[in-house]
Amino acid sequence: MLELRLVQGSLLKKVLESVKDLVTDANFDCSATGFSLQAMDSSHVALVALLLRSEGFEHYRCDRNLSMGMNLNNMSKMLKCAGNDDIITIKADDGSDTVTFMFESPTQDKIADFEMKLMDIDSEHLGIPEAEYHAIVRMPSAEFARICKDLSSIGDTVVISVTKEGVKFSTRGDIGTANIVCRQNTSVDKPEESTIIEMNEPVSLTFALRYMNSFTKATPLANSVTISLSSELPVVVEYKIAEMGYIRFYLAPKIED
Amino acid sequence: MQRQKSLLSFFEKS
């Protein structure tokens, strides 16, 4: 038996919107730790890892570890039927081939349940070791989204370079080139608007902008984004989900042949 | 010419 009650139901709606274009089908894993997902896109270039810790739920009952295969497009269709202020409860019985999403309006005057069919998915779980990164950039998530969107109108790839000068995002395309440099900026009053660059050594890596733009669909989940870079490692783009966990996107770099 | 690396060349299946 599984019953997870999330008062801030809009978080789950936002999570789905940020992953459904990257991954079609995925297993949601439920354990004492929390509600999690790890899935790769079909070309094995990008991976999403989600964790919503059990403590973040108002009620969290998971009698035994359960993996539920869901079509994310269908799940998104159902969650779109929940109001932004609704409380969402996820329910499943052991051995059942369905999951139920229950939506309660804040005033309890409307209660809806949507039952969705589960599916068997051959999951390819990857072991992601802890790594030391050459550089970690934290910046406003909206600023990062804006940069990715702007650069994708010029080129297909972005070179992210971190030096002691700052972090540079560069692209080139048929019509020309673009470079955007963000310098460390901790002087602003609001910490979520600051840009913080931790650099152990300079690093420069190339990534497909198509994926970066897809990751930025998680922007509504967090004011800040953290970009961790190391040469010859996938970049990690992380959005912290307040008091609950995170959504992390891993993207393999492009290399010169 | 640039080549897209796969995640599978960095991480192992568990």
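For the atom pair OG (B/Ser9) and CD (A/Glu232), the distance works out to 9.0 Å, reported to the nearest 0.5 Å. Taken from NZ in B/Lys5 to CG in A/Leu233, the straight-line distance is 10.5 Å, to the nearest 0.5 Å.
In this structure, B/Phe10 and A/Tyr250 have side chains that are not in contact, with every pair of non-hydrogen atoms separated by 4.5 Å or more. Inter-residue side-chain proximity for B/Gln2 and A/Asp257 is flagged as unmet; no heavy-atom pair is nearer than 4.5 Å.
No more than 12 heavy-atom neighbours from other residues, nucleotides or ligands sit within 6.0 angstrom of CG on A/Asp122. More than 12 heavy atoms of other residues, nucleotides or ligands shown are found within 6.0 angstrom of CG on A/Asn179. By the 6.0 Å contact criterion, CD on A/Glu256 is enclosed, its count of non-hydrogen atoms from other residues, nucleotides or ligands being greater than 12.
The choice from A/Pro129, A/Ala252, A/Ala208 that makes the most heavy-atom pairs within less than 4.5 Å of chain B is A/Ala252.
Heavy atoms of B/Glu12 lying under 4.5 Å from chain A belong exclusively to its backbone.
Residue B/Leu7 is tested with A/Leu251, A/Leu47, A/Asp41, A/Ile128 for a side-chain contact (heavy atoms from CB on, under 4.5 Å); the sole match is A/Leu47.
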